[in-house]
Structure formats: structure tokens, C-alpha cells
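What follows is a short report on a single structure.
Numbers here are sequence positions counted from 1.
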Amino acid sequence: MSTERKPRADAERNRARVLEAARTLLAEHDEVQLPEIARVAGVGVGTVYRNFPDRRALVEALAEQRFAEIAEYARKRCRDGKSGVNRYLRHVGEVLSGDRALSSAIETARGSAGSEPRGDALVELETVVAQAIAADQAAGVLRADCTVGDVYLLVGCLSSVVRTGSGDWRRFVELALEGLLPRD
């Protein structure tokens, strides 16, 4: 039997305010500190540290939030068999290009290039991407041998294109999608 209690509603609101403030501030400058986040969120510094013992924990929470938002989009928009993988890749490109500061913060916090999902977020995304693939394949708009691993390979490449500015990410997605069309 679990003795873990559900957080109070005000604690959940405060945590959400801290995450929102952190995301906003990271978009403005990379070196934001936790006390500044507390001030913008309108909470005490202790509230921030109670939820996030350090900057890395806060950034990881922001990463999980991002991946949950992407998964929610995919659940709602990418499982209908009408080019869901196409919509998924384009959405990921929009998210990554629109929030480069968060990607940079995730990479810095993790000490490695890339900002891929981990843990529960990874499992959730793999599930919805697999459903999008299956629906597209059943509709005949995606090659039969496409896998979740293939889509993640493309997302990794897309992330690199956005991160390095090595080209137009939309063009990359367009070219990649050509390779996912059914074979005659």
C-alpha cells in the first residue's frame, strides 16, 4: 500500500507557475538562476527548491513537460491514418525550432548533444508514434517497413538540423518524408 499523498492543489499550481516562469526566462537568456525563476513565478525560493533541488532537476521537468505536450499532440492529431507521421515530424520541427533555448538548456543540463526523451516520456512517445505508424501503414500512405526506430532516427537528425542551423528543417522533413512513402 502506497503512503504517498497527492500534492495539494496550491502546490500543483505553484509547481506549474515555476515551470512556466522557467520556460519563459530560458527563452530570454540561458543562464537564468532559480531565485529569479521564483521571483517571476511569484513564489518563494523555498517553493522552487522544494520542487526542484537544482537547476538540472528543473530542466529535466521542463523536458518531460515538452515531451508530454508532443505526445498529447500525437495522440490527438497523428493516429488517423492520414499522414500522421508527416504531421508528427512537422510538429516536432516546429517545437524544436520555436523553443531552441529549452533544447539548449536540456543539452547543457545533461552534458550531451540532443534532448531526447527518457523514462516514462520515452515510453509514451514510442507508443503514440507506433500507433501513428500503424495507422499510416494501414492507410497505405507509409512504407510497410517503417519502424519507431526509423522515426526516432529522423527526429534525431531533425533536432541536429535545427540545433546547428545547418539547413532548412522543413526541407529536411520534406526530403525525409519522400523516403517514407510506400514502395511500388
Side-chain angles (χ1 to χ4, degrees), residues 15-41 43 45 47-75 77-78 85-130 132 147-177 179-180:
R15 185 178 194 278
R17 287 170 48 193
V18 168
L19 289 171
E20 182 180 337
R23 206 165 184 173
T24 299
L25 288 170
L26 282 169
E28 295 170 6
H29 56 92
D30 197 32
E31 293 303 318
V32 65
Q33 300 298 314
L34 297 183
E36 183 180 1
I37 293 168
R39 181 185 58 73
V40 170
V43 301
V45 173
T47 298
V48 175
Y49 282 102
R50 199 169 19 263
N51 284 284
F52 311 104
D54 56 29
R55 188 174 193 275
R56 182 175 184 189
L58 175 62
V59 171
E60 283 295 336
L62 288 169
E64 284 187 35
Q65 183 182 58
R66 171 192 269 181
F67 299 127
E69 290 166 359
I70 292 170
E72 181 65 20
Y73 175 89
R75 265 192 303 283
R77 304 282 319 271
C78 300
V85 172
N86 179 328
R87 277 195 304 283
Y88 178 78
L89 289 173
R90 291 182 190 283
H91 179 71
V92 169
E94 291 289 343
V95 168
L96 293 176
S97 67
D99 202 354
R100 293 173 194 237
L102 179 55
S103 296
S104 176
I106 294 168
E107 291 170 8
T108 300
R110 291 179 175 175
S112 65
S115 56
E116 70 282 345
R118 295 179 177 172
D120 291 342
L122 175 62
V123 172
E124 179 63 21
L125 279 169
E126 285 178 343
T127 299
V128 295
V129 168
T147 66
V148 170
D150 295 334
V151 174
Y152 275 175
L153 176 64
L154 293 175
V155 168
C157 294
L158 172 59
S159 175
S160 180
V161 169
V162 171
R163 183 177 63 252
T164 63
S166 57
D168 177 3
W169 70 263
R170 288 173 186 83
R171 177 74 174 145
F172 169 79
V173 169
E174 183 181 311
L175 292 170
L177 289 168
L180 294 177

Locate the shortest heavy-atom distance separating [X] from [Y]; write the atom from each residue and the value.
X    : Y    : result
E126 : Y152 : N-OH, 3.3 Å
D54  : L34  : C-CD1, 3.9 Å
L158 : F172 : N-CE2, 3.7 Å
A71  : E124 : CB-CG, 3.7 Å
R55  : V32  : NE-O, 3.1 Å
P35  : V45  : CA-CG2, 4.0 Å

Hey, are R171 and E174 close enough for a salt bridge, meaning a charged N less than 4.0 Å from a carboxylate O?
yes
E94 with R170: basic N within carboxylate O range, under 4.0 Å
yes
Within the structure provided, determine whether [X] and [Y] are in side-chain contact (heavy-atom separation under 4.5 Å).
X    : Y    : result
L154 : D150 : no
D120 : F67  : no
V161 : L96  : no
V18  : N51  : no

S103 and R66: side chain donor to acceptor below 3.5 Å:
yes
For E72, the side chain to side chain donor-acceptor pair (under 3.5 Å) test, sequence neighbours excluded, returns R75, K76
Hey, could you give me the CG/CG distance between L177 and N86, rounded to the nearest 0.5 Å?
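These two atoms lie 4.5 Å from each other.
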